[in-house]
Every structure is written in structure tokens, then in C-alpha cells.
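Pasting in a structure now, in C-alpha cells, and then I'll have a few things to ask.
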Amino acid sequence: MKSRFAPSPTGYLHIGGARTALFAWAWAKKQKGSFVLRIEDTDRERSTQASVDAILDGMNWLGLDHDEGPFYQTDRFDRYKEIIQQLLDEDKAYYCECSKERLQILRDELTEKGEKAKYDGCCRDKKLNSGVVRFKNHLEGFVSFDDAVKGLITIGNKELDDLIIARSDGTPTYNLTVVVDDHDMKIDTVIRGDDHINNTPRQINLYEALGWQLPEFAHLPMILGSDGARLSKRHGAVSVMAYRDEGFLPEALLNYLVRLGWSHGDQEVFSLVEIVELFELKNINKAPASFNQEKLIWLNQEYIKKASTEYLIQQLQWHLDYQSVDISNGPEFFRVIEHLQERSKTLVEMTNGLKMFYQDFSEFDEKLAKKQFKDSQPIELLMNKLSALEDWAANNIKDQIKQVCDELEIGFGKIGQPFRLALSGNGNAGNIDIVSELVGKKRTLERLQMALDYISQSCN
RNA sequence: GUCGCGUUCGUCUAGUCCGGCCCAGGACCCCAGGAUUUCAUCCUGGUAACAAGAGUUCAAAUCUCUUACGCGACGCCA
């Protein structure tokens with residue numbers, strides 16, 4: 001068994017493409033088959049090396065490894081030429097010299113008449129020998145195929161026209177190259193977006209004209225944006241790598257994507273191993289699905305909570321580099337990660353949360369500071385006690401805070417909140433005693449002093 | 001416009017093949033309580049859907065038909 005992912009390199013790997021790749025990958029892995037990566041770059045105008053690299057990067061980040069390829073269609077032009085010539089020789093294709101202008105006028109006329117815009121077969125029997133090459137489609141009859149997700153689909157040949165299989169410069173077009181490649185590469189399961197359903201009957205006719213055996217088709221419904229329109233840039237990030245940048249774990253994205261259009265009962269969380277084990281084409285939904293970032297965030301958080309600190313540290317590296325955070329001057333990194341793990345939805349959030357342990361800051365959040373930094377007495381007392389503390393450990397720090405509460409007869413909030421703000425600068429911190437321990441004695445005292453300075457300044 | 005595909009809570013979905021166990025279950029979000037040293041986490045509870053109509057049947061989310069709406073395709077793009 002063999003499946004493939006065949007993107008055209010005209011941009012980055014987007015969410016929809018990634019899901020198609022994931023499904024094709026999962027199905028191949030489940031069958032212990034082979035997963036082929038093929039770059040469909042026959043459009044020389046729009047294909048770029050940068051896009052090829054971006055797609056490879058995306059696949060790599062997601063961990064969707066291919067067993068064969070990547071193959072490039074531009075490397076196979078001789079083979080396509082051979083097939084085109086064969087079709088020409090067998091009178092199954094013909095040259096057409098109709099100008100683009102004539103074609104456009106034809107389309108406009110037909111559309112105006114309320115008919116389907118299709119080529120009228122003008123050059124069909126002219127026996128020309130230059131121009132584009134068109135495939136001779138059947139004029140009558142129907143094409144039927146049993147789609148693995150959509151079921152039986154039937155389209156009349158009357159709806160199809162004589163499609164162009166070679167441009168006037170001799171280069172082959174999509175419908176020809178997919179058929180030749182899928183056949184030559186022995187792809188037996190074609191998994192792709194359902195925007196290709198309309199192409200399928202044409203391709204089937206091509207398969208038959210060449211006397212080749214048909215693969216099984218599985219057409220995946222589209223992914224829509226929150227407004228029900230096809231997912232596009234205006235819905236926010238659509239590039240897979242943008243999700244890495246925003247702090248998502250690849251397995252969380254994969255898990256989210258696999259549940260978009262596929263399900264296994266009520267199960268929501270799937271490890272990669274489970275995806276491969278449980279995946280079934282027949283459980284794919286026929287209806288399109290809307291992308292919902294909230295649920296992705298939830299899943300991401302679940303994965304962060306369950307991840308090992310080693311893994312998080314590894315995944316965090318990119319974000320540390322990106323934000324130029326130096327973790328050499330501060331507490332042991334894994335302890336900070338453990339502390340942040342329970343309270344971070346994304347790696348970006350985590351990166352922001354860990355800065356307070358390694359970087360000094362010069363200003364407090366203004367709103368919070370106004371609210372929390374009013375009374376200097378508790379802070380001064382705490383500072384005195386803490387500076388005398390020799391064993392800088394969370395438990396001991398906690399005791400000192402308690403003593404401050406007892407001595408001044410105040411509640412925990414009166415000192416806890418200002419302390420939290422002093423330590424973090426923005427109020428975002430977990431258990432105050434642990435945070436303080438991790439921040440370290442020197443920095444803790446410096447920050448408390450900063451808080452006192454703030455109070456004395458705002459009093460004047 | 002023509003053809004194709006689709007339609008269960010706001011969103012992702014279970015159930016649809018083989019009609020009764022579904023006055024429709026789970027998850028995200030949201031809301032209300034509880035626990036907690038902010039946040040986060042955790043626990044308990046709640047709101048909320050079978051697109052509409054007709055038919056078949058003792059019985060329909062499930063079968064049939066019609067309508068509506070949405071999406072896709074209609075390139076010398078893939």
C-alpha cells in the first residue's frame with residue numbers, strides 16, 4: 001500500500017495541506033505501507049525553491065516523515081512527454097491552436113447562456129501539429145467512482161471537456177502529471193482535498209485511455225475559517241510554521257488536525273502512536289470543518305502539562321533563541337520549567353513567564369503597582385526578615401511571610417500580592433515562596449527595594 | 001449560471017450503514033458554585049443542536065422525496 005502527499009511549491013505549508021499530509025501519512029503507517037512525498041512543480045512561473053524548503057521544513061517540524069522522495073515533477077518531463085506523445089499517436093489527444101482570447105470569449109458566451117463553461121472541441125479533428133495538447137474526452141456516458149469518504153460519485157462526461165495536458169511550450173499540466181506519477185510511483189490510495197473531486201473523472205478517463213489500473217480515491221473535506229469560508233490568510237495564521245512561532249507543540253497541532261474531520265468515538269487526545277493505530281478512512285467526516293483556535297490552545301496546554309521537562313526544554317530552545325533569552329544567569333532551568341509547566345498554554349507564554357527568573361526589569365506594571373504598592377511597612381518588614389534569612393528555601397521564605405502577617409496582624413493578601421508584583425513586575429507568578437526561591441535572594445531583595453522606591457516616589 | 005459535494009449544540013464531533021437503548025452523548029468555549037497564595041490547575045453543576053417541509057412506519061437524527069442554505073469546480077494553477 002502506498003499513499004502520497006503532493007503539494008505544489010507556491011507558498012508555505014498551510015494547515016489544510018498539513019492535515020491532508022497527516023491523513024495520508026497516518027493511513028500509510030497504519031497499513032505498514034509507504035508514504036511518498038512529491039513536489040508538483042510543473043508550473044515554472046509560480047514554483048519556487050523557497051516554497052519547497054518551507055514545505056519540507058513544515059513536514060519536518062510536524063514529524064511527518066516520508067518513506068520515498070521527495071520526487072520533483074520537473075525531473076520527470078521526459079516521461080510526461082513520452083506519455084503525451086503516446087496519446088497523440090493513439091489519437092487519444094490532439095493539438096489545439098485556439099487562442100486564449102477565443103477561449104475567453106467562448107467561456108463568456110456559455111456562461112451568459114447559463115451553460116457550463118467548457119471547451120467546444122473546435123480543433124478536435126483538425127489534425128494540427130502545434131499548440132497545446134488536449135486530451136480527447138468521451139462525449140457520452142458517465143464516470144463513476146466509489147470515494148472512500150464521500151461514497152459513490154457520478155459525473156456525466158458531458159460535463160467534462162477536452163482538457164489541456166500540455167501547454168504550448170510543451171510542459172505538461174497537472175491532470176496529466178498526477179496520473180502518470182501516481183501510476184508510475186504505484187500509488188494505490190490517493191488522499192487529497194475535495195477541491196479535486198471535479199478533476200477526478202478527467203483523471204479516471206486518462207487512466208483508462210492509458211490502460212492503467214485506478215487507485216482508490218479519498219477526498220477530504222475542506223477546512224473552513226470561523227466564518228464558514230475556506231480557510232485563508234485573513235482568518236489568521238494558516239502557515240504551519242506560524243504555529244510553531246506562536247508556541248504550539250507539533251504533536252498538539254497534529255492532534256488537533258486529526259480531529260478535524262476524523263474521529264474515534266469520543267476520544268479527544270491521541271498520541272502519534274494512537275493516531276496511526278486507530279486511523280480509518282471510513283471514519284472521516286464528509287462535511288467541512290471550521291478551524292477553532294480555542295480548542296487547539298486547550299490541547300496544547302494538555303500536551304505541555306504532560307510533557308517531560310527534557311522535551312519542553314528542547315522545544316523551548318527555538319523560542320529562547322528567537323527572543324534572545326539568556327538562561328545562564330539564574331536558577332536551574334528545569335526547575336523553572338517544572339514550575340511553569342502547569343500554568344502555560346503555549347511555549348511563548350512559558351518563555352515570557354521564565355524571563356523574570358533570568359532577566360532584571362526596571363518597571364512595574366503601572367496599574368497593578370498603583371493598587372498593590374501603597375503601604376511600605378509590610379514590604380520593609382519582609383525585606384528585613386528575608387535579608388537575614390540564611391537558608392534560602394521556599395519553606396523558610398514562607399515562614400517569614402507568615403511572621404510578617406502575624407506581627408502586623410494583616411492577611412496574607414496584604415503582603416502576598418505586593419510581593420508577587422515586586423518579584424514578577426507584572427503579577428504573573430505562581431506560588432510566591434517557590435518563585436522567590438527560584439528568583440534568588442539577591443534579586444528578590446533588589447526587587448523589594450524597587451517596590452519601596454516606587455512607594456516613596458509616588459508619595460511625593 | 002452549470003455541475004458536484006455537504007447540512008447534529010457557537011465550534012469539533014458520537015449516533016446514521018443494520019429505524020426503537022437518543023425528549024440526542026462527549027470535547028472546546030461560555031456561565032454558576034467549590035478548592036486554591038494572583039494567574040493557572042483541579043472538582044461539581046449548567047446553558048446549548050438533529051436546516052425546513054412532506055412521505056414510509058407502531059416507531060425516524062437514522063429510510064425516501066422536495067426546498068433552502070453553504071462550500072467547491074468550471075485556467076496554457078495545482
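Every chain is numbered from 1 and lettered A, B, ... according to where its sequence line falls, protein lines coming before strand lines.
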Item to check | Inter-nucleotide P distance (rG45(B), rA27(B)), Å rounded | outcome: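 Per the computed distance, 11 Å lies between those P atoms.
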Checklist entry - What nucleotide among rA27(B), rC39(B), rU37(B) has an atom nearest to a side-chain atom of Asn428(A)? => result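 In terms of side-chain proximity for Asn428(A), the closest of rA27(B), rC39(B), rU37(B) is rC39(B).
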Checklist entry - Rounding to the closest angstrom, what is the interatomic distance between rU62(B) and rC23(B) at atom P? => result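 Straight-line distance between the two P atoms is 14 Å.
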Checklist entry - For rA54(B), which nucleotide is its Watson-Crick or G-U wobble mate, given both distances must be under 3.5 Å? => result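 Paired with rA54(B), as far as the under-3.5 Å criterion goes, is rU64(B).
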Next on the checklist: Taking the C1' atom in each of rG1(B) and rG20(B), what is the distance between them to the nearest angstrom?
Outcome noted: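 These two C1' atoms come out 45 Å apart once rounded.
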Next on the checklist: Between rU66(B) and rA73(B), how many Å separate the two C1' atoms, rounded to a whole number?
Outcome noted: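 Roughly 25 Å separates the two C1' atoms.
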Next on the checklist: A quick test of your reading: do over 12 heavy atoms of other residues, nucleotides or ligands sit less than 6.0 Å from CD of Glu45(A)?
Outcome noted: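 Atom CD in Glu45(A) is not packed in, count stays at 12 or less.
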Item to check | Salt-bridge present (Arg4(A), Glu68(A); N to O < 4.0 Å) | outcome: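 No.
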Checklist entry - Where the side chain of Lys116(A) is defined as all heavy atoms beyond and including C-beta, which of rA40(B), rC3(B), rG75(B) is the nearest nucleotide? => result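 Of the options given, the side chain of Lys116(A) lies nearest rC3(B).
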Checklist entry - Between the base of rG1(B) and the side chain of Glu112(A), is there any donor-acceptor pair under 3.5 Å? => result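 No, the side chain and the base share no sub-3.5 Å donor-acceptor pair.
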Checklist entry - Given the C1' atoms of rA24(B) and rA48(B), what is the spacing between them in whole Å? => result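 These two C1' atoms come out 12 Å apart once rounded.
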Checklist entry - Applying a 3.5 Å limit to both distances, which nucleotide forms a Watson-Crick or G-U wobble pair with rA40(B)? => result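 The base-pairing partner of rA40(B), which may sit in any strand shown, does not exist here.
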Next on the checklist: Taking any heavy-atom pair under 4.0 Å as a contact, classify Ile432(A): base, sugar-phosphate, or nothing.
Outcome noted: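 Here Ile432(A) touches the bases of the nucleic acid.
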Item to check | Salt-bridge contact Asp169(A)-Arg44(A) (side-chain N to carboxylate O under 4.0 Å) | outcome: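 Not counted as a salt bridge, because no side-chain N and carboxylate O are separated by less than 4.0 Å.
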Next on the checklist: Between the base of rC12(B) and the side chain of Lys295(A), is there a donor and acceptor pair under 3.5 angstrom?
Outcome noted: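 When only heavy-atom distances are counted, Lys295(A) does reach the base of rC12(B) through a donor-acceptor pair under 3.5 Å.
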Next on the checklist: When both hydrogen-bonding distances must be under 3.5 Å and the geometry is Watson-Crick or G-U wobble, what is rC5(B) paired with, if anything?
Outcome noted: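 When the pairing criteria are applied, rG70(B) turns out to be the nucleotide that pairs with rC5(B).
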Next on the checklist: Taking any heavy-atom pair under 4.0 Å as a contact, classify Thr42(A): base, sugar-phosphate, or nothing.
Outcome noted: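 The residue Thr42(A) makes sugar-phosphate contact but no base contact.
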Checklist entry - Using a cut-off of 4.0 Å on non-hydrogen atoms, how would the nucleic acid contact of Glu40(A) be classed: base, sugar-phosphate, or nothing? => result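 Sugar-phosphate, backbone atoms only, no base.
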Next on the checklist: Closest approach to the side chain of Arg343(A), judged atom by atom: which nucleotide of rU37(B), rA40(B), rA73(B) is it?
Outcome noted: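 Output: rA40(B).
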Next on the checklist: Let's test your reading of the model: under 3.5 Å, does the base of rG25(B) pair with the side chain of Asp266(A) as donor and acceptor?
Outcome noted: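 By the distance-only test, yes, there is a pair.
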Checklist entry - Are any of Asn283(A)'s side-chain N or O atoms less than 4.0 Å away from OP1 or OP2 of rA14(B)? => result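 Checking Asn283(A) against rA14(B): no side-chain N or O falls below 4.0 Å of OP1 or OP2.
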Next on the checklist: Using atom C1' in both nucleotides, what's the gap between rA14(B) and rA61(B) to the nearest angstrom?
Outcome noted: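 Comparing C1' positions in rA14(B) and rA61(B) gives a spacing of 12 Å.
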Next on the checklist: I want to verify a distance call: between rC29(B), rA78(B), rC71(B), whose nearest atom is closest to the Ser8(A) side chain?
Outcome noted: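 Of rC29(B), rA78(B), rC71(B), rA78(B) is nearest to the side chain of Ser8(A).
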Checklist entry - With a non-hydrogen cut-off below 4.0 angstrom, is Lys158(A) in contact with a base, only sugar-phosphate, or nothing? => result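 Touches nothing.
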Checklist entry - Counting side-chain heavy atoms from C-beta on, which of rU13(B), rC42(B), rU37(B) comes nearest to Asp433(A)? => result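 Output: rU37(B).
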Every protein N/O lying under 3.5 Å from an N/O of nucleotides 65-70 of chain B:
none

Checklist entry - Looking only at side-chain N and O atoms, does Arg107(A) come under 4.0 Å of OP1 or OP2 in rC74(B)? => result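 Looking at the OP1 and OP2 atoms of rC74(B), neither is under 4.0 Å from any side-chain N or O of Arg107(A).
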Next on the checklist: With no hydrogens and no angle check, just 3.5 Å: does a side-chain donor-acceptor pair link Asn157(A) and Asn205(A)?
Outcome noted: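 Looking only at side-chain atoms, Asn205(A) and Asn157(A) do form a donor-acceptor pair, the distance falling under 3.5 Å.
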Next on the checklist: Looking at Lys305(A) and Glu342(A), is any side-chain nitrogen of the basic one under 4.0 Å from a carboxylate oxygen of the acidic one?
Outcome noted: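 Answer for the salt bridge query: no.
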Checklist entry - So, for Tyr243(A) and His14(A), is the gap between ring centers shorter than 6.0 Å? => result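 No, ring centres 6.0 Å or more apart.
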Item to check | Who pairs with rU47(B) - Watson-Crick or G-U, where each distance is under 3.5 Å | outcome: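 In the structure as shown, rU47(B) has no Watson-Crick or wobble partner.
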Item to check | Any-strand Watson-Crick or G-U partner of rU16(B), both distances under 3.5 Å | outcome: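 Pair assignment: rU16(B) / none.
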Next on the checklist: Just to be sure I understand the rule, does Gly156(A) reach a base, reach only the sugar-phosphate, or reach nothing, if contact means heavy atoms closer than 4.0 Å?
Outcome noted: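 Gly156(A): no heavy atom of the nucleic acid under 4.0 Å.
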Next on the checklist: Quiz question: going by heavy-atom distance under 3.5 Å, is there a donor-acceptor pair between the base of rC76(B) and the side chain of Ser168(A)?
Outcome noted: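 When only heavy-atom distances are counted, Ser168(A) does reach the base of rC76(B) through a donor-acceptor pair under 3.5 Å.
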Item to check | Atom P, compared across rU16(B) and rU7(B): separation rounded to whole Å | outcome: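 Those two atoms are separated by 14 Å.
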